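Contents: one structure, followed by commentary.
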Number of protein chains: 2
Amino acid sequence: MSKSTAARALSGASNVTDEARERVLDAARVVGYERNDLAVGMRSGRTGLLGLVIPDITNPFWAEVARGAQDRAAQNSMSLLVFSSDWDHGREASHLRALRQARVDGAIINPVGDNFDDLDRFGLPFVLIGSSAERFPATSSVGSDIAQAVRIGMDYLVAKGHHAPALILGPKSRIARARFLRTFHEHCVERDVDPSALPMEDGDYTVEGGHAAMKRLLARGRARHLAVFAANDMMALGAMVAVREAGLRCPEDVSILGFDGVPAGAFSWPGLTTVAKPGREIGMRAVDCLFDEIAGRPEHGRVFMPCRLVERGSLADLSVDQPRRTAGAGRG
Amino acid sequence: MSKSTAARALSGASNVTDEARERVLDAARVVGYERNDLAVGMRSGRTGLLGLVIPDITNPFWAEVARGAQDRAAQNSMSLLVFSSDWDHGREASHLRALRQARVDGAIINPVGDNFDDLDRFGLPFVLIGSSAERFPATSSVGSDIAQAVRIGMDYLVAKGHHAPALILGPKSRIARARFLRTFHEHCVERDVDPSALPMEDGDYTVEGGHAAMKRLLARGRARHLAVFAANDMMALGAMVAVREAGLRCPEDVSILGFDGVPAGAFSWPGLTTVAKPGREIGMRAVDCLFDEIAGRPEHGRVFMPCRLVERGSLADLSVDQPRRTAGAGRG
DNA sequence: TTGAAAGCGCTAACAT
DNA sequence: ATGTTAGCGCTTTCAA
């Protein structure tokens, strides 16, 4: 029997006798044959490899995204190369290069910044993940519905009597920051609040960054009550520690609202009230989109996954006893 | 100019004229040439790919290990395929198969259970990570020094007046459990404590598991003070929540000691006192060992990384006012 | 339905 | 120092 017939049997082609197929499959089982994906990739141009570039693998939110992507990839018998860029342009560029050299069939990318040259040059099918999509309108993307998320958060803050929350944002270099801020501003305008009057500090999406930002916020002087909306949970958790270190209490003196829905938020004290993104679903959905992209049918376009509020104990309810407006909270 | 000369220039071989090399490199730059790792792998048998199989990518400890491995791999211009087995034998087996088919040069593996058949059949160089090493004495391994870690923990517990702590362990199927328990017993014997009298419950290394285990522990009846040594931080954090839910206080009523050193432990209230493993270093070291293994020089053998105590607020100090022995704590 | 043969991009003998 | 050649394991024409 020739190699071709065997190959056809192995790859499940139709033009093979049932008898021949069985003989091949049996033999393969006996010998313990395992097809060499490398060689297949060489000829067919498809490696069965997918890439994922996220900013921080140790951030539970991104780990959750990675897990979702991994699972969905496995369901389609593909493997996932996970890279953490650590918010570093150089690292990101080298990861992109590694992905290309490994001849991945496609990649899911959360770009570090607004330098999209590397992406333009990427040359392989890819899907954006996170908030960077709007700078790349031609590319499919999956992210959370920031507009909806911010609205949920604002509605909750207002319902609890916090009409002018301070903000702890991501670094200026990140597109997600602008996206968050713009949406926030829109909601302020809707509520006749002047957003420029609200205190805001930049963090870097890490616990330490949130901690430092909160210290700066506190140093601005104190109102009766300060409410803070942090752009991610890790910063919110850091902020909470800073509050305690300052001899203040959360939520009695300072209310904190997070964004992400990481598990650790359930174990802080008080528990972190937060707007939760569906990380796992985002990862899975991104893989689906990537498959469409690879197949040349970018049906999805931009996908925005809905978020939901997880109510725990980090926000004081100011609405009950004294429903007043504290515009400029945190400035004293 | 022939392909060979070009190839030699590109791969940095010595037997090429400087002039020829420069011409090749220039041309490569102009064309934007990028070597095809697949083809290289095909001929040379090396893909530049490494595999990592961990039980849970969303557990911050393992994420830290993955990050360390990733970094070290990148330093040697290799890529890492990260797989999460989720403590499932079938998943693990399929990941191992994926690794083999992708023709990784080697893998770092934390086996799910004691079914080592898959590993025996793996056929590629690999290094064990975690506690499973002792079942595979012939294989290089990297893990934390459990004996030292347990001693540190016990010394601290005893120093604070907790002579008979309860235990929240991992599932019976995991080797790490036996390792932890055996070491614990040895330390008990050294201190004239009967380990069989101490209450212990099984968890599954998740927050939920720790939560449930603590509830069972509490249901056994209460001593004046209960001290608990959890086999990992996530379970310790879950236990802490259970304590609060039971209307008890940590550390006043229940002291908790964790094991891992995950960042979230710093944001619980009280902060989690824990024995911290060097996750990142373990990941990096494992890659080093793997390189040795691939090169056919298994110099390292078994590497045990030292752990250290991180003192936060989850343990009460019983030693000051009443230095007594509460053997059988938690039984009433 | 099957076989023969070419070739994916590269490397490693070997010959020059 | 350079060129020539064979071949890694597979898929895919093209003929039979």
Side-chain angles (χ1 to χ4, degrees), chain A residues 1-49 76-79 97-106 122-125 294-296, chain B residues 1-49 76-79 97-106 122-125 294-296:
Chain A
M1 177 176 307
S2 75
K3 296 189 302 178
S4 329
T5 320
R8 274 188 273 260
L10 261 359
S11 65
S14 56
N15 46 354
V16 190
T17 331
D18 282 356
E19 188 255 334
R21 164 172 294 117
E22 226 163 288
R23 276 214 299 152
V24 172
L25 261 33
D26 277 353
R29 213 167 300 125
V30 172
V31 187
Y33 168 84
E34 257 178 18
R35 148 215 241 115
N36 185 337
D37 284 4
L38 236 63
V40 174
M42 185 109 199
R43 275 283 356 191
S44 64
R46 320 184 91 255
T47 51
L49 254 34
N76 296 76
S77 48
M78 308 206 59
S79 296
R97 205 177 319 118
L99 253 26
R100 224 179 306 125
Q101 295 198 359
R103 290 301 194 271
V104 295
D105 293 334
F122 189 50
L124 263 36
I294 291 171
Chain B
M1 175 176 307
S2 76
K3 295 189 304 178
S4 328
T5 320
R8 273 189 273 261
L10 260 358
S11 64
S14 57
N15 45 355
V16 190
T17 329
D18 282 357
E19 188 254 334
R21 165 172 293 117
E22 226 163 287
R23 276 213 302 151
V24 172
L25 261 32
D26 277 353
R29 212 168 299 124
V30 171
V31 187
Y33 168 85
E34 258 179 16
R35 141 217 244 115
N36 186 336
D37 284 3
L38 237 61
V40 174
M42 187 109 198
R43 265 298 351 196
S44 64
R46 320 184 90 257
T47 51
L49 254 33
N76 296 76
S77 49
M78 308 206 61
S79 296
R97 203 174 324 116
L99 253 27
R100 223 177 310 125
Q101 295 199 358
R103 290 299 195 271
V104 296
D105 293 334
F122 189 50
L124 263 36
I294 291 171

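What you see is a predicted model, and the numbers here were worked out from it, not measured in a lab. In what follows, chains carry the letters A, B, and so on, assigned in the order in which the sequence lines appear, proteins first and then strands, with residues in each chain numbered from 1.
Defining each end axis of the helix from C:dT1-D:dA16 to C:dT16-D:dA1 as the rotation carrying four pairs' C1' atoms onto the next four, with five pairs an end, the two axes are found to diverge by 40° to 10 degrees.
A nucleotide of DNA chain C counts as in contact with chain A when one of its atoms lies under 4.0 Å from a heavy atom; the first and last such, 5' to 3', are C:dT1 to C:dG9.
Atom CZ of B:Arg8 is separated from atom OG of B:Ser2 by 6.5 Å, given to the nearest 0.5 angstrom.
Remark: B:Ser77 engages no residue in a side-chain contact (heavy atoms from CB on, under 4.5 Å) (not counting sequence neighbours). By the salt bridge (Lys or Arg N to Asp or Glu O under 4.0 Å) test, B:Arg46 pairs with no residue at all, sequence neighbours left out. Residues forming a side chain to side chain donor-acceptor pair (under 3.5 Å) with B:Asp26 (at least two apart in sequence, or on another chain): B:Arg29. Scored by the salt bridge (Lys or Arg N to Asp or Glu O under 4.0 Å) test, B:Arg21 finds B:Asp18 as partners (sequence neighbours excluded).
Evaluation of the side-chain hydrogen bond (donor to acceptor under 3.5 Å, both in side chains) test over residues 32-45 of chain A, restricted to residues two or more places apart or in two chains, returns A:Glu34-B:Arg100.
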(message) Base contacts versus sugar-phosphate-only contacts with protein, heavy atoms under 4.0 Å: please encode nucleotides 9-16 of chain D as B, S and - from 5' to 3'.
(response) BBBB----
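A heavy-atom distance below 4.5 Å is found between the side chains of A:Leu10 and A:Leu25. Between B:Val24 and B:Thr5, the closest side-chain pair of non-hydrogen atoms is not below 4.5 Å. At least one side-chain heavy atom of A:Leu38 sits under 4.5 Å from a side-chain heavy atom of B:Thr47.
The two atoms that bring A:Pro125 and A:Ile294 nearest to each other are CB-CG1, 3.9 Å, heavy atoms only.
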